[in-house]
A.B. asks: 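First, the structure itself, so that you have it in front of you.
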Amino acid sequence: GRDMFCVDIPDPLQCIMSNWHNDVFSRGSYSFPCVRSSHEDILNYREPVKNKSNRPQLFFAGEATSTDHWGTIHGAYQTGQSEAQRILDCVASLKQKNVQNVSRLPSLQ
């Protein structure tokens, strides 16, 4: 598990565990695909909600959106990384479009 961070991680000095069963926000829950769930269902969970301009506006990550590691911390971590990259790509795309629009503005000279 530690190799997913691509750095040497020392052994922990202390460990604090939560009690998910008694956590009022989760009640011990985690996701799992039901019997008739498909790979496409999970892909649909992670699909961003788009605004009126058809641009992604609301993004989803977490273990429930992982196709390979649902119900796990590393599934949540990996989908978080993936969605963060998707957000960065969207921002870069918007910046590029804004630069192109500015370059098409008429000269004030």
A.B. asks: Please list all pairs meeting side-chain hydrogen bond (donor to acceptor under 3.5 Å, both in side chains) that have one or both residues in residues 48-63, counting only residues at least two apart or in different chains.
C.D. replies: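 Applying side-chain hydrogen bond (donor to acceptor under 3.5 Å, both in side chains) to every pair that reaches into residues 48-63, excluding sequence neighbours, yields S31-E63.
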
A.B. asks: So how far is it from C34 SG to D41 CG, rounded to the nearest 0.5 Å?
C.D. replies: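 Atom-to-atom, C34:SG and D41:CG are 7.5 Å apart.
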
A.B. asks: Please report the interatomic distance CG(D68) to NE2(H74), rounded to the nearest 0.5 Å.
C.D. replies: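 The distance works out to 9.0 Å.
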
A.B. asks: Can you confirm whether F59 sits close enough to V49 that some side-chain heavy atom of one is under 4.5 Å from a side-chain heavy atom of the other?
C.D. replies: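 Contact flag for F59/V49 side chains = no.
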
A.B. asks: Return the OG to OH distance between S66 and Y77, rounded to the nearest 0.5 Å.
C.D. replies: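 It comes to 14.0 Å.
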
A.B. asks: Which atom names give the shortest non-hydrogen contact between A61 and T79, and what distance separates them?
C.D. replies: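 Taking A61 first and T79 second, the nearest heavy atoms are CB-O, 3.6 Å.
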
A.B. asks: With sequence neighbours left out, which residue pairs that include part of residues 76-85 fulfil the salt bridge (Lys or Arg N to Asp or Glu O under 4.0 Å) condition?
C.D. replies: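 Qualifying pairs: E83-R86.
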
A.B. asks: Just how far is it from atom OG1 of T65 to atom CD of Q78, taken to the nearest 0.5 Å?
C.D. replies: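 So the gap between those two atoms works out to 10.5 Å.
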
A.B. asks: Within the 4.5 Å heavy-atom criterion, are P48 and F60 side-chain neighbours or not?
C.D. replies: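 Not in contact.
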
A.B. asks: Please enumerate all residues that pass side-chain hydrogen bond (donor to acceptor under 3.5 Å, both in side chains) together with D89, with sequence neighbours excluded.
C.D. replies: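 D89 satisfies side-chain hydrogen bond (donor to acceptor under 3.5 Å, both in side chains) with Q85 only.
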
